Structure formats: structure tokens, C-alpha cells
Amino acid sequence: QVQLVESGGGLVQAGGSLRLSCAASGRTFSNYAMGWFRQAPGKEREFVATISWSGDSAYYADSVKGRFAISRDNAKNTVYLQMNSLKPEDTAVYHCAAGPRAESHRYEYDYWGPGTQVTVSS
């Protein structure tokens, strides 16, 4: 089992920045690829970004490419999502997830955190 807890969400104005963190405990964190997904009210959970177990590879949704950056610190069992130039349409609950491969499909991930709310005001 892997337990995941997100933090760092909040209310920010459009154009602002936030950095989300996801702390992992349980099984060896460095064995897993890590992903960030988000879910807005009335919408399906969607892919945001993913990073390989080593941190060498990262992939992004087109909607966040160039604005968001995913990174990880295996010594701290933590994955981060730096979000810049935020837009109102980025408003959602953001979840981190752990899985065997850095994929964009949510069904590839085995473990999920409860999420942290990000609200971007216009």
C-alpha cells in the first residue's frame, strides 16, 4: 500500500502561482511513477502531468504545457506540481496518484490521494 496526501492548494488570482506537494508513505516511493490529475465540478477526472520513477521523463496535458512543471524528490518521498500563469479554468480538486508507469490514463494508477482544492479567481 502507498498512502498519498496532497497539500498546497488554495485561492489565487488569475496569473498567479501555486506549488502543490504530495507526500507518500508506505511502499518504496521510488518504485512508482507519479501523476497529477484534476477534477472540476460536474466533470471527469483529467490528466495533468506525470513523471517517471527516476524523474527523467515527464509528460503534460496540452492545456498545462509550458505553465506547469512536475518534479519529484525521492529522498523526501514527495512529488511536486509547480503551477504558473494560472487561469480560472484550472480551478479543480487536484489529486496525486502512484502507478507502475508514467501514463496519462487514470486507470493506470493504483493509489490516489484525497485531493487539494485549487481555486483561481478572474
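Not measured: the values here are computed from a predicted model.
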Next item on the list: Report yes if some heavy atom in the side chain of Leu4 is under 4.5 Å from a heavy atom in the side chain of Met34; otherwise report no.
Entry: yes

Next item on the list: State, yes or no, whether a side-chain contact exists between Leu20 and Met83 at a heavy-atom distance under 4.5 Å.
Entry: yes

Distance-minimising heavy-atom pair for [X] and [Y]:
| X | Y | result |
| --- | --- | --- |
| Ile70 | Trp36 | CD1-CD1, 3.5 Å |
| Arg45 | Trp112 | NH1-CE3, 3.3 Å |
| Tyr32 | Val2 | CE1-CG2, 3.7 Å |

Could you list the residues that satisfy side chain to side chain contact (heavy atoms under 4.5 Å, CB included) with [X], not counting sequence neighbours?
| X | answer |
| --- | --- |
| Ser7 | Ser21 |
| Asn84 | Ser17, Gln82 |
| Ser63 | Arg38, Ala61 |
| Asp62 | Lys65 |

Using a 3.5 Å cut-off and no angle test, enumerate the donor-acceptor pairs between side-chain atoms of residues 115-122 and protein atoms at least two apart in sequence or in another chain.
| from | atom 1 | to | atom 2 | distance (Å) |
| --- | --- | --- | --- | --- |
| Thr116 | OG1 | Gly9 | N | 3.2 |
| Gln117 | NE2 | Ala92 | O | 3.4 |
| Gln117 | NE2 | Thr119 | OG1 | 3.3 |

Item checked: Residue pairs involving residues 65-104 (criterion ring pair (Phe, Tyr, Trp, His ring centres under 6.0 Å); sequence neighbours excluded) -> none

Checklist line | Inter- and intrachain pairs under ring pair (Phe, Tyr, Trp, His ring centres under 6.0 Å), touching residues 42-66, at least two apart | finding: Phe37-Phe47

Set of residues satisfying side-chain hydrogen bond (donor to acceptor under 3.5 Å, both in side chains) with respect to [X], sequence neighbours excluded:
| X | value |
| --- | --- |
| Tyr111 | none |
| Glu103 | none |
| Asn74 | Arg72 |
| Arg101 | Glu108 |

Spacing of [atom1] belonging to [X] relative to [atom2] belonging to [Y], to within rounding of 0.5 Å:
| X | Y | atom1 | atom2 | result |
| --- | --- | --- | --- | --- |
| Glu46 | Gln39 | CD | CD | 9.5 Å |
| Leu81 | Ser71 | CG | OG | 8.5 Å |
| Leu11 | Leu18 | CG | CG | 9.0 Å |

Checklist line | Within residues 83-122 or reaching into it, pairs that qualify as disulfide bond (SG atoms under 2.5 Å apart) - sequence neighbours excluded | finding: Cys22-Cys96

Next item on the list: Using the rule that two of Ile, Leu, Val, Met, Phe, Trp, Tyr join whenever any of their side-chain heavy atoms come within less than 4.5 Å, decide whether Val64 and Ile51 are in one cluster.
Entry: yes

